[in-house]
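The structure appears right after this line, and notes come after that.
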Amino acid sequence: MVSLALTLVLIAFVVRLLQVQAVDASEYAAKADQNRYVGRVLAAERGGITDRNGVDLAVSTDANDITADPTMFTREQLKVGDGPEQAAALLAPILGADREAITEKLRTRNTRYVLLARRQTPQVWNQISDLKTALVKKARNDKGTVNVLAGVFQEPSSKRVYPNGDLAAGILGWVNAEGKGGGGIEQQLNKRLAGKDGKIRYAQSGGRLVPTAGSTETPAVAGSDVELTIDRDIQWAAQNAITEQVKKSKADRGYVIVQDTRTGEILAMANSPGFDPNDLTKANPDALGNAALQDAYEPGSTAKVMSMAAVLEESVATPGTHVTVPNRLHRGDRLFKDDIDHPTWYLTLNGVLAKSSNIGTILATGELGRNQQESNRILYSYLRKFGIGSYTGLGFPGETKGILAAPADWSTSQQYTIPFGQGVSINAMQAASVYSTIANGGVRVEPTLVRGTKGPDGRFTPAEKPGKTRVVSEKTAKTLARMLESVVDDEEGTGTKARIPGYRVAGKTGTANRVDPATGRYRGYTSSFAGFAPADKPRVTVYCAIQNATEGNYFGGQICGPIYKEVMEFALKTLQVPPTGAKPANLPVTFTP
């Protein structure tokens with residue numbers, strides 16, 4: 001009986017051994033490898049972002065992802081039941097995380113990997129490492145002490161840093177917790193910047209690498225560096241100027257754009273208020289993004305340059321054409337007026353632009369066609385050619401193309417308000433582009449923000465050349481430039497505060513009724529100034545707009561004219577643009593009846 005029993009037991013052992021070592025050998029080997037081998041992602045280094053001169057605007061620095069192996073926090077492993085709680089109590093203050101959330105992660109089953117915190121500084125890991133070392137030493141001297149942090153590890157990672165704080169934040173955007181671009185260029189060019197993550201699979205024991213067991217690795221491919229068109233110094237000057245004026249005027253917000261008139265490259269795009277992408281926890285949600293591209297608003301009188309361009313190009317009038325401007329003008333169902341009450345003005349067409357007369361603009365554009373409907377269609381065609389109602393070509397996240405209805409849909413009042421910039425909405429970049437088009441001899445060059453990219457191999461790839469469109473003739477553009485000088489140089493002009501000693505300046509003021517985005521009703525004003533210099537040989541366009549100034553003056557020439565002057569002076573000096581030395585045209589503003 002005993003021999004029979006032993007024989008049966010041995011047979012059972014043999015059968016089981018055959019099953020394990022022969023029949024199901026591959027399955028058990030796979031399960032063993034699954035527990036023995038672990039894999040993790042090798043994060044690719046994110047490409048940097050620089051200005052046109054190679055100055056760093058966004059860089060990636062060394063950081064660590066803090067991870068843990070939950071199997072090393074079990075009662076069986078630590079010989080205590082509250083290992084996860086003890087570890088969480090030590091880690092929470094260092095990681096700035098919730099203790100209960102960490103405990104829950106450390107109690108996760110059926111996994112050997114959990115992520116406790118992303119992109120921590122080397123100092124954070126040093127603190128944890130010092131704690132682990134102290135616990136090991138204490139455990140050697142005190143048998144009752146347990147190293148509850150033995151299952152906590154670090155993986156090399158990177159952290160996005162913006163060395164200049166809030167400078168150009170609206171352009172750059174930020175990187176979110178998952179390491180992806182969350183706005184701006186970081187989002188728009190995320191694929192190029194991010195590169196391609198790699199993978200590594202290795203044998204481990206107790207959470208540590210077994211070097212003799214072999215490993216497989218697919219290396220990460222670093223992201224490309226991006227070179228922007230902006231100049232950090234000009235960006236600083238623009239951002240400083242608009243921030244100071246927004247605070248002084250207690251305005252909702254403001255923007256300044258600086259553009260190279262010849263190439264379409266954006267040298268600066270500043271917003272106020274802004275945000276610091278290094279710490280979004282302190283950012284105002286309303287200030288995130290790029291308001292210069294995302295805000296749609298009625299431009300007011302800065303849009304009159306497009307109406308004048310249509311009038312000149314269609315040969316309806318010349319700068320010296322006489323325009324009699326009454327104090328009030330009845331059109332459709334409304335009585336129109338200028339920004340101030342006045343006796344009948346006897347202005348030239350140049351004077352209409354210099355004094356920014358709404359009534360004079362209505363009278364001039366009314367001559368574009370045989371009737372008002374035809375005049376509307378002709379004006380609409382020019383607005384479209386200037387880029388109104390279309391995206392700028394930047395492809396920027398969240399950009400608005402503004403609002404420009406088809407002429408058949410213009411209301412009775414819009415037929416007469418659109419010529420002077422009300423009843424149509426644009427963004428700040430569109431407004432700047434209009435003046436760059438005039439400065440560039442009537443050719444619109446699509447604005448650009450990116451000069452090119454540099455791959456991991458170090459090879460620089462220039463960005464595609466921007467599209468070009470002729471909007472008006474060179475003759476019309478030069479005539480308009482001379483007329484815009486009268487706005488600044490003539491004592492009758494509204495832009496005298498934008499004068500720059502030694503330079504010929506072309507510009508235009510704007511003060512528009514503002515639609516309150518909260519109520520949809522008119523409340524407050526949009527104040528603006530746009531222009532270029534030198535007027536007779538343009539190099540730089542500057543556009544400024546301030547929304548809802550509530551303290552002091554709100555006229556565009558008064559609060560945006562000085563910003564234009566400050567930023568334009570700085571840009572001309574930075575780019576080493578000399579004065580031309582030529583005398584201004586001094587076109588007549590008025591005539592004697």
Side-chain angles (χ1 to χ4, degrees), residues 298-312 316-331 335-367 379 416-422 431 434-435 438 479-499 504-513 525-532 535 544-545 553-562 564-565 584-593:
E298 299 182 28
S301 295
T302 52
K304 289 175 181 172
V305 70
M306 292 183 285
S307 297
M308 293 300 168
V311 169
L312 293 173
V316 171
T318 67
T321 297
H322 294 179
V323 183
T324 301
V325 180
N327 187 44
R328 294 290 187 275
L329 180 68
H330 189 272
R331 286 289 186 274
L335 201 61
F336 292 91
K337 64 185 184 69
D338 290 318
D339 60 336
I340 57 172
D341 285 325
H342 58 78
T344 298
W345 281 341
Y346 299 98
L347 304 176
T348 62
L349 184 68
N350 179 64
V352 169
L353 190 62
K355 294 180 72 65
S356 197
S357 170
N358 295 339
I359 293 174
T361 304
I362 293 172
L363 292 171
T365 55
E367 300 298 318
L379 179 59
Y416 308 107
T417 61
I418 286 178
F420 60 81
Q422 300 271 187
V434 167
Y435 282 80
I438 301 302
T479 301
L480 270 172
R482 291 196 295 269
M483 292 172 66
L484 288 169
E485 283 189 81
S486 297
V487 176
V488 179
D489 288 338
D490 198 287
E491 292 303 323
E492 295 281 337
T494 58
T496 56
K497 287 187 177 294
R499 292 173 179 170
R504 290 174 62 177
V505 174
K508 182 70 189 78
T509 60
T511 308
N513 290 313
Y525 298 91
T526 296
S527 314
S528 60
F529 192 98
F532 49 86
C544 164
N553 203 307
Y554 60 81
F555 287 105
Q558 300 299 310
I559 65 173
C560 285
Y564 171 91
K565 176 183 178 181
N586 294 322
L587 298 176
V589 172
T590 61
F591 71 92
T592 302

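- Looking at Val316 and Glu367, their side chains come closer than 4.5 Å, going by heavy atoms from C-beta outward.
- The shortest side-chain heavy-atom distance between Tyr416 and Asn358 does not fall under the 4.5 Å cut-off.
- In terms of the side-chain hydrogen bond (donor to acceptor under 3.5 Å, both in side chains) criterion, residue partners of Glu298 (sequence neighbours excluded) are, by chain and number, Gln422, Tyr522.
- The side-chain heavy atoms of Leu379 and Pro419, taken from C-beta on, include a pair separated by under 4.5 Å.
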Would you tabulate the side-chain donor-acceptor contacts of residues 586-593 under 3.5 Å, counting partners in other chains and residues two or more places apart, or write 'none'?
none

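- Proximity of Asp338 to Ser356: side-chain heavy atoms (C-beta onward) are nowhere separated by under 4.5 Å.
- Put simply, the side chain of Thr302 never gets that close to the backbone of Phe529: no donor and acceptor are under 3.5 Å apart.
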Stepwise side chain to side chain contact (heavy atoms under 4.5 Å, CB included) check, Phe420 with Thr365: CA-CA 10 Å; Phe420 60 81; Thr365 55; over 6 Å; no

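- In this structure the side chain of Tyr435 reaches within 4.5 angstrom of the side chain of Leu484, judged on heavy atoms.
- When side chains are defined from C-beta on, Lys565 does not count as touching Lys497, because their heavy atoms never get closer than 4.5 Å.
- With a 4.5 Å cut-off on side-chain heavy atoms, Met483 and Leu312 count as touching.
- A donor-acceptor pair under 3.5 Å links the side-chain atoms of Asn327 to the main chain of His342, judged by distance alone.
- A donor-acceptor pair is defined here as one N or O able to donate and one able to accept, closer than 3.5 Å; no such pair exists between the side chain of Thr509 and the backbone of Gly495.
- Thr324 is not listed as a side-chain neighbour of Leu363, based on a closest heavy-atom distance of 4.5 Å or more.
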Test log, rule side chain to side chain contact (heavy atoms under 4.5 Å, CB included), inputs Val352 and Met308: CA-CA 10 Å; Val352 169; Met308 293 300 168; 3.5 Å; yes

